[in-house]
Participant: 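A single structure is presented below for examination.
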There are 2 protein chains.
Amino acid sequence: MVKHTGRPGYLQIADDLRAQIRGGALAPGSPLPSTAQLAEEYDSSLSVVKMAVGILRNEGLVIGQQGKGVFVRDTSDIPAAGDLAGEVAELRTAVQDLSARLAKMEEQLATSTARRPSRGSR
Amino acid sequence: MVKHTGRPGYLQIADDLRAQIRGGALAPGSPLPSTAQLAEEYDSSLSVVKMAVGILRNEGLVIGQQGKGVFVRDTSDIPAAGDLAGEVAELRTAVQDLSARLAKMEEQLATSTARRPSRGSR
DNA sequence: TGAGCCAACTAGGTTAACCATGTTGGCTAC
DNA sequence: GTAGCCAACATGGTTAACCTAGTTGGCTCA
């Protein structure tokens, strides 16, 4: 399936999956085929598929959930390409959320470690 | 060199190189150490270094020239949008990483402080 | 001296294998 | 029937090895 063009296989697979996502063939929330299935489908190796999925993951198009699968991110969550303002806004809310959760955890940790000191292993 | 944080090594190396570039330690146009040197420097494997460099290449921060080396892209070559996009991408991966780690810790705290029903949910 | 060859080094792509970790569903024992 | 165990399967990270292809510098030979 892959090849002819000289473009690396992992980029071709990433392109194809990206097109399927943007085209709606892979609906938001739906899972991608497993890496093993994709490897067979594209007649490639697991490593190449993992690299391709890693690209999409890095782009924020999909979200990998260990043990479950890789799922197409909700389109409403996907900032339009080039919409940097949207991405920044999204990141800002994400950071605020993280800050709140972290503060909450720190408080819990402070009270729990007072009673039950934890080990220092890293 | 790498490790301690739970953050994958290839991301740590990418972060470090990115910081060196943004900080000016690696001047525009100057070459990065070879992958073999980086692997030794970070006490990691060639594959991990190649993945890290691939990330920076994907972000447009560096340009790999086969047979010659990997060079820091001239900042003037990077359009403002591209620069911002790179930073946004960087922030997004950082936020996703933080979110995942925080969620993991929250779950651990929930099970350790409350009861531990553990295995029931599916 | 100059042309050509060649070894060494570089990035990049691919494959295979291994391990860690998480989820799921089925099986078993109580 | 339910709780617990466990195998199967999932993603994710790492390593090693092999290959292709481009660059460079030194060496040899005419």
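Quick caveat, the model's predicted, so the values are computed rather than measured. Naming convention: chains lettered A, B, ... in sequence-line order (proteins, then strands); numbering from 1 in each chain.
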Participant: Taking only side-chain N and O atoms of A:Ser44, does any of them lie within less than 4.0 angstrom of OP1 or OP2 on C:dT15?
Facilitator: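 So the side-chain polar atoms of A:Ser44 do come within 4.0 Å of the phosphate oxygens OP1 or OP2 of C:dT15, strictly under.
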Participant: My understanding is that only residues two or more places apart in sequence, or in another chain, count here; which of them pass side-chain contact (heavy atoms from CB on, under 4.5 Å) with A:Ala27?
Facilitator: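 A:Ala27: side-chain contact (heavy atoms from CB on, under 4.5 Å) contacts with A:Ser30.
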Participant: Round to a whole Å and report the spacing from CD1 of A:Ile63 to C1' of C:dT23.
Facilitator: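 Nearest whole value for this atom pair: 17 Å.
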Participant: Pick the closest DNA chain D nucleotide for A:Gly69 and for B:Leu46 by heavy atoms, then say which residue is nearer the 5' end.
Facilitator: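 The residue mapped nearer the 5' terminus is A:Gly69.
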Participant: The criterion is side-chain contact (heavy atoms from CB on, under 4.5 Å); which residues satisfy it with A:Val70, sequence neighbours excluded?
Facilitator: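 If we apply the side-chain contact (heavy atoms from CB on, under 4.5 Å) test to A:Val70, skipping adjacent residues, the hits are A:Leu32, A:Val53, A:Val62.
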Participant: What's the closest nucleotide to the side chain of A:Lys68 if the choices are C:dT14, C:dT24, C:dA11?
Facilitator: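 Nearest listed nucleotide: C:dT24.
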Participant: Apply side-chain contact (heavy atoms from CB on, under 4.5 Å) to the pair A:Leu17 and A:Leu61, showing each step before the final yes or no.
Facilitator: CA-CA 10 Å; A:Leu17 292 176; A:Leu61 278 178; over 6 Å; no
Participant: Using a cut-off of strictly less than 4.0 Å, decide whether A:Tyr10 has a side-chain nitrogen or oxygen near OP1 or OP2 of C:dT14.
Facilitator: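 No, outside the criterion.
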Participant: Can you measure A:Asp43 atom CG to C:dT15 atom P for me and round it to whole angstrom units?
Facilitator: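 Value for this atom pair: 8 Å.
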Participant: For the pair made of CZ in B:Phe71 and C1' in D:dG22, what is the distance, rounded to whole Å?
Facilitator: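 These atoms are roughly 12 Å apart.
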Participant: Stepwise, does the side-chain contact (heavy atoms from CB on, under 4.5 Å) test hold for B:Arg18 with B:Leu56?
Facilitator: CA-CA 7 Å; B:Arg18 197 187 294 110; B:Leu56 300 182; 4.1 Å; yes
Participant: Looking at D:dG13, D:dT23, D:dT11, which one has an atom nearest to any side-chain atom of A:Arg57?
Facilitator: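 Closest nucleotide to the A:Arg57 side chain: D:dG13.
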Participant: Would you say A:Lys50 places a side-chain N or O within less than 4.0 Å of OP1 or OP2 belonging to D:dG13?
Facilitator: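 Looking at the OP1 and OP2 atoms of D:dG13, neither is under 4.0 Å from any side-chain N or O of A:Lys50.
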Participant: How many whole angstroms separate atom CE of A:Met51 from atom C1' of D:dG12?
Facilitator: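 It is 14 Å, rounded to the nearest whole Å.
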Participant: End-to-end bend of the helix from C:dT1-D:dA30 to C:dC30-D:dG1 (five-pair axes, 10° rounding)?
Facilitator: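 Between the first-five-pair axis and the last-five-pair axis there is 30°.
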Participant: For B:Ser47, give me all partners under side-chain contact (heavy atoms from CB on, under 4.5 Å), at least two apart in sequence or on another chain.
Facilitator: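 Partners of B:Ser47 by the side-chain contact (heavy atoms from CB on, under 4.5 Å) criterion, ordered by chain and then number, come out as B:Ser45.
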Participant: Would you indicate which nucleotide in D:dT11, C:dT14, D:dT14 comes nearest to any side-chain atom of A:Gln66?
Facilitator: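 The closest nucleotide is D:dT11.
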Participant: Please determine if a side-chain N or O atom of A:Ser45 lies less than 4.0 Å away from the OP1 or OP2 oxygen of C:dA16.
Facilitator: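 It does not, given that no N or O in the side chain of A:Ser45 lies less than 4.0 Å from OP1 or OP2 of C:dA16.
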Participant: Looking for any heavy atom pair under 4.0 Å, which part of the strands does A:Ser47 touch: base, sugar-phosphate only, or nothing?
Facilitator: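 Touches a base.
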Participant: Sequence neighbours left out, what passes side-chain contact (heavy atoms from CB on, under 4.5 Å) with B:Ala19? Give chain and number order.
Facilitator: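 For B:Ala19, no residue satisfies side-chain contact (heavy atoms from CB on, under 4.5 Å) once neighbours in sequence are set aside.
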Participant: Which is it for A:Gln12 and A:Asp16 under the side-chain contact (heavy atoms from CB on, under 4.5 Å) test, yes or no, and what are the steps along the way?
Facilitator: CA-CA 6 Å; A:Gln12 289 185 50; A:Asp16 191 61; over 6 Å; no
